[in-house]
Amino acid sequence: GQAGVTRASVTIVFKNKDKKASPVGYEAYDEITVCRQVAIGGRNKYLINGHVAQQNRVQNLFHSVQLNINNPHFLIMQGRITKVINMSPQEILGLIAEAAGTKRYES
């Protein structure tokens, strides 16, 4: 593992220029940021545009714009982040390829 690593954070920034396709309630924003912070011990914190949000609110936001949250690699659930932190670079690449849906095009 990574000595001294006590937390991880990932932020996704979505461009929100097409206001007709904006998630309900986010039409005024040019960008929508979604952040997940995970600390050792399983403490999770989600933020939408810098404001603390419940996990179901984040999932509802993704669902409202037709992102497939049912993909097993779309969100890394509690208890699996340690496994991801300890993955080799090749395993991480495989995880990203599978989550992005590009793995099926490999020969």
Side-chain angles (χ1 to χ4, degrees):
Q2 301 289 331
V5 174
T6 59
R7 66 181 136 178
S9 177
V10 173
T11 301
I12 302 171
V13 179
F14 296 96
K15 299 293 181 190
N16 193 33
K17 300 292 183 194
D18 182 2
K19 303 305 182 189
K20 292 178 184 175
S22 291
V24 174
Y26 295 93
E27 299 86 355
Y29 298 96
D30 290 331
E31 290 184 343
I32 300 171
T33 62
V34 178
C35 177
R36 180 178 183 190
Q37 300 171 347
V38 180
I40 297 240
R43 290 181 317 227
N44 287 286
K45 185 176 184 181
Y46 296 92
L47 298 106
I48 299 176
N49 290 340
H51 300 284
V52 175
Q54 297 295 322
Q55 180 180 358
N56 65 341
R57 184 168 171 223
V58 173
Q59 290 175 333
N60 289 340
L61 170 65
F62 290 147
H63 182 72
S64 74
V65 292
Q66 286 78 46
L67 289 174
N68 182 9
I69 63 173
N70 294 320
N71 179 322
H73 302 298
F74 183 77
L75 293 175
I76 299 171
M77 296 298 157
Q78 182 176 346
R80 295 201 57 217
I81 194 67
T82 302
K83 180 179 179 186
V84 173
I85 289 171
N86 292 319
M87 285 180 165
S88 70
Q90 192 64 31
E91 290 172 318
I92 292 171
L93 181 61
L95 177 70
I96 292 170
E98 189 172 335
T102 60
K103 195 170 193 125
R104 63 178 163 228
Y105 300 109
E106 293 177 5
S107 55

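Just so you know, these numbers use all the heavy atoms, side chains as well, and skip hydrogens, waters and symmetry mates.
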Could you list the residues that satisfy side-chain hydrogen bond (donor to acceptor under 3.5 Å, both in side chains) with R7, not counting sequence neighbours?
none
So, using ring-ring contact (aromatic ring centres under 6.0 Å, His included) as the criterion, who are the partners of F14 when residues are at least two apart?
F62
Which heavy atom of V13 sits nearest to which heavy atom of T33, and what is that distance?
CG2-CG2, 3.8 Å
Shortest non-hydrogen contact from G50 toward L47:
O-CD2, 3.4 Å
With sequence neighbours excluded, residues passing salt bridge (charged side-chain N to carboxylate O under 4.0 Å, His left out) with [X]:
X   : answer
K20 : none
E31 : K15
K19 : D30

Same hydrophobic cluster for V10 and V34, using side-chain heavy-atom links shorter than 4.5 Å among ILVMFWY?
no
Can you list the residues that meet the side chain to side chain contact (heavy atoms under 4.5 Å, CB included) rule with [X], with sequence neighbours excluded?
X   : result
I92 : M87, I96
Q54 : N56
E27 : S22, V24
S88 : Q90, E91

How long is the span from the CD atom in Q55 to the CG atom in N44, to the nearest 0.5 Å?
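CG of N44 is found 7.0 Å from CD of Q55.
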Is there a side-chain contact between V58 and I48, using heavy atoms and a 4.5 Å cut-off?
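Result yes, sub-4.5 Å side-chain heavy-atom pair found.
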Among pairs that include at least one residue of residues 58-67, which meet salt bridge (charged side-chain N to carboxylate O under 4.0 Å, His left out), considering only residues two or more places apart or in two chains?
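Not a single pair qualifies under salt bridge (charged side-chain N to carboxylate O under 4.0 Å, His left out).
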Whether the side chain of N16 engages the backbone of Y29 through a donor-acceptor N/O pair (distance < 3.5 Å, no angle test) should be reported.
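Yes, because the side chain of N16 sits within donor-acceptor range (under 3.5 Å) of the backbone of Y29.
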